[in-house]
Amino acid sequence: MDDSTNKFSAGDDDTANQQERLLPIANVGRIMKQMLPKNAKISKEAKETIQECASEFISFVTGEASEKCKKERRKTVNGDDVCWAIGTLGFDEYAPPLKRYLDRYREVEGDRSATPQRNEEDGGPSSSAAEFNPNLKPF
């Protein structure tokens, strides 16, 4: 893209601030690759476009959830707030499956927190090392 069409090239400070707001391009590319056939290639422009769109979508949903929290005088946005925002913003088809996923995630994480976790002294991961599994299928 040339500078005249790229809204993110206004200046060094603006570009740095914009890059902080965007999802990491390597992660975006990795997710895109997972969804395509192994022999598919993805252009840099395609990765950047998805990076901007996904980042904007996250900001849009998070902003709505944050407004709800402000109205309720809460400081923390939680998963329920995000599910509510998704539905409120017109993504009605996505809200129920997302809520089921959130409930299943909490159930799995609750089970993990109920079992004793090894810590660094025992030579194992600490309880903070538990990873979120994006392949978890709650449906």
**Report entry** Ion pair check, Arg21 and Glu56, cut-off under 4.0 Å
**Finding:** yes
Requested in this report: Could you pull out the closest heavy-atom pair between Gly87 and Asp92, with the gap in Å?
Outcome: O-OD1, 2.8 Å
Report task. Specify the closest pair of heavy atoms between Leu102 and Gly79, including all atoms of both residues, with the distance to one decimal. Result -> CD2-C, 3.4 Å
Query - Ile42 side, atom CD1; Lys33 side, atom NZ - distance, nearest 0.5 Å - result: 6.5 Å
Requested in this report: State plainly whether one hydrophobic cluster holds both Ile50 and Ile58, where clusters connect Ile, Leu, Val, Met, Phe, Trp and Tyr through side-chain heavy atoms under 4.5 angstrom apart.
Outcome: yes
Query raised in the report: Listed by chain and number, what are the side chain to side chain contact (heavy atoms under 4.5 Å, CB included) partners of Glu72, not counting sequence neighbours?
Result: Lys68, Arg74
Query raised in the report: What's the spacing between Lys44 NZ and Ile25 CD1 if we round to 0.5 Å?
Result: 8.5 Å
Query - Test log, rule salt bridge (Lys or Arg N to Asp or Glu O under 4.0 Å), inputs Glu67 and Lys70 - result: CA-CA 5 Å; Glu67 286 299 315; Lys70 284 180 188 173; 3.7 Å; yes
Requested in this report: For Ser43, enumerate each residue passing the side chain to side chain contact (heavy atoms under 4.5 Å, CB included) test, keeping only those at least two apart in sequence or located in another chain.
Outcome: Glu45, Ala46
Query raised in the report: How long is the gap from OG on Ser66 to NZ on Lys75, to the nearest 0.5 Å?
Result: 12.5 Å
Query raised in the report: Can Arg104 and Glu107 be counted as an ion pair, charged N to O under 4.0 angstrom?
Result: yes
Query - Pairwise side-chain contact, Asp81 with Cys69, heavy-atom cut-off 4.5 Å (strictly under) - result: yes
Report task. Run the ring-centre check on Tyr94 versus Tyr101 and record whether the distance is less than 6.0 Å. Result -> no
Query raised in the report: To the nearest 0.5 Å, how far apart are CZ in Phe57 and OG1 in Thr62?
Result: 9.0 Å
Query raised in the report: Looking only at atom types and distance, does a side-chain atom of Asn27 sit under 3.5 Å from a main-chain N or O of Pro24, one as donor and one as acceptor?
Result: no
Requested in this report: Without swapping roles, check the side chain of Glu64 against the backbone of Ala85 for a donor-acceptor pair under 3.5 Å.
Outcome: no
Query raised in the report: What distance do Cys53 atom SG and Leu22 atom CG have between them, rounded to the nearest 0.5 Å?
Result: 10.5 Å
Query raised in the report: Just how far is it from atom CH2 of Trp84 to atom CG of Leu98, taken to the nearest 0.5 Å?
Result: 14.0 Å
